[in-house]
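To start, the structure itself, in structure tokens.
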Amino acid sequence: MDESYWLRDDHPERKRDDVMAYLRAEQAYTEAMLARQAPLEARLLGEIRGRIKEDDSTPPQHDRGWWYWQSFREGAEYATWMRRRGGPAGPDAGAPDETMLDGNALARGHAFFRISAAEVSPDGAMVAWTEDTVGRRGHSLRIRDLRTGRDLADRVEGTLEPVVWAADGRSLFYMRQDPVLLQSGPVCRHVLGTPASADAVVHDEADETLFTEIEASADSRHLLVEMEGYDTSELRALPLDRPTEPLRVVIPREPGVRSYADHLDGRWVIRTNRDARNFRLMVAADDAVADRARWTELVPHRADASLDGFALLRGGVAVAERAEANARVRRVPWSGGAGTVVPTREAAFAMDLAANPAPATPAVRVTYTSMVTPRTVIDVDLATGAQAVRKVQPVVGYDPLEFASARAWAPSRDGKRIPVSICWK
């Protein structure tokens, strides 16, 4: 018996008076019990903020004729989303910096504010973003004309984070939030200039045990709609240059099998645990993806490493894996095989794939951190393995040379090795 079940109240706007009275009483009790800790809280908050370099920015990243980054002003709470024209080699010298979204201006009047996603249309003319002003993942989808700086009247309430543009730059895809479960609801298509009530439902998952996600494929040719549960998954897709077409099943759901796929240059790459407990990568041409017998192996299964993700670029495939208790990245050529692990200098660390929106880029962007190394953004050349550090997160007053870290292994009673990460000054 759940003694707290009476507190459940799924009304979307007004909660019951007895529920709210109880919650306010609990809040008042908490504040009274922790009142003597207020000076310590203020000191700790001051120490944390004192380590943050407030006037900072993220490393720029190229995508379809523009360089994008986020900047932070001293004393400001939120990022400003910026861009500048340029080619793959770098921004144009004479091009001005353009402000797409100022989070500080958008946050005015809200006790809570967060921009969860910001996506520029294929022609660079519009930016669509989702903002949460409540803190329960209930977002508003908004669109701004970057040529004029004016916000369109189009606005969709009650969405989740992701948004994907169609190739026409006039329609986009989003997910509604289930008002009761607060998780993924139906996938919808919105056409600029039309009311949200007229938005078409692209997919409405009937199985409430599955979570739905949407994204564009690596080559921006497909909308990918993925349904995932504890022991199954399904992938559907539609061509972004024909946004009104129905979704087609790319990889059907099957009990006990989880498969995830992306698309680049006429082929699907599939990460699957079929006959591979720790996952492996398979590849299939467009006309062969429906026939598993025609899949070929790109990266084999390994008993000593789990294959956790991948990024597709024309120069090769970057694989995120976990081995020896570390998250790391491996470079794999399109010809397949084991590939080469991106080397690191520390024994205990975490390296993961960052966003890689431009498949023509010769380098894959990764993030790296450890107990003594602040978050570092690195571009790794897929052909040569050469590393270019693009950004080291500054930490005010911190000198990494004063600290060291190591990895030790402790034996357990059942014979397993337990990783122990150690840091000292």
> Between Lys53 and Pro394, which heavy-atom pair has the shortest distance, and what is it?
Replying inline: CD-CG, 3.5 Å
> Do Leu223 and Val225 have side chains that get closer than 4.5 Å, going by heavy atoms?
Replying inline: yes
> Could you go step by step and tell me if Val317 and Val299 meet the side chain to side chain contact (heavy atoms under 4.5 Å, CB included) rule?
Replying inline: CA-CA 10 Å; Val317 180; Val299 178; 5.9 Å; no
> Nearest 0.5 Å, what's the OG1-CG distance between Thr369 and Asp352?
Replying inline: 11.5 Å
> Rounded to the nearest 0.5 Å, how far does CG of Leu307 lie from OH of Tyr260?
Replying inline: 12.0 Å
> Does one side chain, of Arg407 or Ser421, offer a donor that lies under 3.5 Å from an acceptor on the other?
Replying inline: yes
>> Apply side chain to side chain contact (heavy atoms under 4.5 Å, CB included) to residues Leu146 and Arg83 and explain how you reach the verdict.
In response: CA-CA 11 Å; Leu146 294 173; Arg83 73 173 182 175; 3.6 Å; yes
Mind listing the side-chain donor-acceptor pairs of residues 63-75 below 3.5 Å, one per line with the distance, residues two or more places apart or on another chain?
from	atom 1	to	atom 2	distance (Å)
Trp67	NE1	Gly87	O	2.9
Trp67	NE1	Gly90	O	3.4
Arg73	NH1	Thr80	OG1	3.3

> Using 4.0 Å as the upper bound for N to carboxylate O, is an ion pair formed by Arg51 and Glu47?
Replying inline: no
>> Determine whether a donor-acceptor pair (N or O, by modelled atom type, separation under 3.5 Å) exists between the side chain of Asn356 and the backbone of Val364.
In response: no
>> Just verifying a value: how many Å separate Asp265 CG and Asp286 CG, rounded to the nearest 0.5 Å?
In response: 10.0 Å
> For Arg292, does the CZ atom sit with more than 12 other heavy atoms under 6.0 Å from it, leaving out its own atoms?
Replying inline: no
>> How long is the straight-line distance from CD of Gln183 back to CE of Met175, given to the nearest 0.5 Å?
In response: 10.0 Å
> For Glu254, does its backbone N or O pair with a side-chain atom of Thr232 as donor and acceptor, under 3.5 Å?
Replying inline: yes
>> Any salt bridge linking Arg142 with Glu119? Criterion: basic side-chain nitrogen under 4.0 Å from a carboxylate oxygen.
In response: no
> Does the Asp262 side chain pair with the main chain of Ala218, one donor and one acceptor, at a distance under 3.5 Å?
Replying inline: yes
>> If you define the side chain from C-beta out and look only at heavy atoms, does anything of Val134 sit under 4.5 Å from Phe112?
In response: no
>> Run His139 and Asp132 through side chain to side chain donor-acceptor pair (under 3.5 Å) and show every step you take.
In response: CA-CA 4 Å; His139 293 71; Asp132 181 3; 4.5 Å; no
> Does the pair Thr148 and Arg150 meet the rule for a side chain to side chain donor-acceptor pair (under 3.5 Å), with working shown?
Replying inline: CA-CA 5 Å; Thr148 64; Arg150 296 179 179 177; 5.0 Å; no
> Tell me, do Ile143 and Asp151 make a side-chain contact under 4.5 Å, heavy atoms counted?
Replying inline: no
>> Can you confirm whether His203 sits close enough to Arg236 that some side-chain heavy atom of one is under 4.5 Å from a side-chain heavy atom of the other?
In response: yes
> Hey, does the side chain of Thr194 reach the backbone of Val191 with a donor-acceptor pair shorter than 3.5 angstrom?
Replying inline: yes
N/O donor to acceptor pairs below 3.5 angstrom from side-chain atoms of residues 338-346, sequence neighbours left out:
from	atom 1	to	atom 2	distance (Å)
Thr344	OG1	Glu346	O	3.4
Glu346	OE1	Tyr368	OH	2.6
Glu346	OE1	Ser370	OG	3.1
Glu346	OE1	Thr373	OG1	3.0
Glu346	OE2	Ser370	OG	2.9
Glu346	OE2	Thr373	OG1	3.3

> Would you find a donor on one side and an acceptor on the other, under 3.5 Å apart, between the side chain of Ser233 and the backbone of Arg258?
Replying inline: no
>> So which atom in Phe113 and which in Thr133 form the shortest heavy-atom distance, rounded to 0.1 Å?
In response: CD1-CG2, 3.9 Å
> When you measure from the side chain of Asn326 to the backbone N and O of Ala350, does any donor-acceptor pair fall under 3.5 Å?
Replying inline: no
>> Quick one, Arg189 and Tyr174 - any side-chain contact, counting heavy atoms below 4.5 Å?
In response: no
> Between atom CG of Leu313 and atom CG of Leu264, what is the distance when rounded to the nearest 0.5 Å?
Replying inline: 7.5 Å
> Between Ser335 and Leu298, what is the shortest heavy-atom contact and its length?
Replying inline: C-CD1, 4.5 Å
> Sub-3.5 Å donor-acceptor pair from the side chain of Trp295 to the main-chain atoms of Val289, do we have one?
Replying inline: yes
>> Between Arg302 and Glu321, does any side-chain N to carboxylate O distance fall below 4.0 Å?
In response: yes
> So, is the end of the Arg170 side chain (NZ or CZ) under 6.0 Å from the ring centre of Trp165 and within 45° of the ring's axis?
Replying inline: no
> What class does the angle between the rings of Trp268 and His263 fall in, given that below 30° is parallel, 30 to 60° is tilted and above 60° is perpendicular?
Replying inline: perpendicular
> Of all heavy-atom pairs between Thr209 and Asp207, which one has the smallest distance, and what is that distance?
Replying inline: OG1-OD1, 2.6 Å
> At what distance, to the nearest 0.5 angstrom, does CG of Leu235 lie from CZ of Arg248?
Replying inline: 9.0 Å
>> Could you report the tightest heavy-atom contact between Arg271 and Gly309, atom names first, then the distance?
In response: CD-N, 3.9 Å
>> Minimum heavy-atom separation for Pro246 and Leu238, please, with both atom names.
In response: O-CB, 4.1 Å
>> Does any part of the side chain of Arg365, heavy atoms only, come nearer than 4.5 Å to the side chain of Leu353, both counted from C-beta?
In response: no
>> Going by the rule side chain to side chain donor-acceptor pair (under 3.5 Å), which residues pair with Thr159 if we only count those two or more places apart in sequence or in a different chain?
In response: none
> Do NZ/NE/NH1/NH2 and the carboxylate oxygens of Arg114 and Glu131 come within less than 4.0 Å?
Replying inline: no
> So do Val164 and Leu240 actually touch side chain to side chain, heavy atoms under 4.5 Å?
Replying inline: yes
> Taking 4.0 angstrom as the limit, do Lys391 and Asp56 come out as a salt bridge?
Replying inline: yes
> Can Ser171 and Asp168 be counted as having a side-chain donor-acceptor contact under 3.5 angstrom?
Replying inline: yes
> Are any side-chain N or O atoms of Asp204 and backbone N or O atoms of Val187, one a donor and one an acceptor, separated by less than 3.5 Å?
Replying inline: no
> How about Arg267 and Trp334: do any of their side-chain heavy atoms sit closer than 4.5 Å?
Replying inline: yes
> Step by step, would you call Leu160 with Ser184 a side chain to side chain contact (heavy atoms under 4.5 Å, CB included)?
Replying inline: CA-CA 7 Å; Leu160 289 177; Ser184 49; 4.0 Å; yes
>> Run Gln177 and Leu182 through side chain to side chain contact (heavy atoms under 4.5 Å, CB included) and show every step you take.
In response: CA-CA 6 Å; Gln177 184 188 46; Leu182 304 183; 3.8 Å; yes
> Is there a donor-acceptor pair under 3.5 Å between the side chain of Glu157 and the backbone N or O of Leu141?
Replying inline: no
> Taking the six-membered ring for Trp, are the ring centroids of Tyr398 and Phe403 within less than 6.0 Å of each other?
Replying inline: yes
>> Is it the case that the side chain of Arg294 and the backbone of Asp287 share a donor-acceptor pair, with hydrogens and angles ignored and the cut-off at 3.5 Å?
In response: yes
> Hey, are Arg274 and Thr272 close enough side-chain-wise for a donor-acceptor pair under 3.5 Å?
Replying inline: no
> When you look at CD of Glu208, are more than 12 heavy atoms from neighbouring residues, nucleotides or ligands closer to it than 6.0 Å?
Replying inline: no
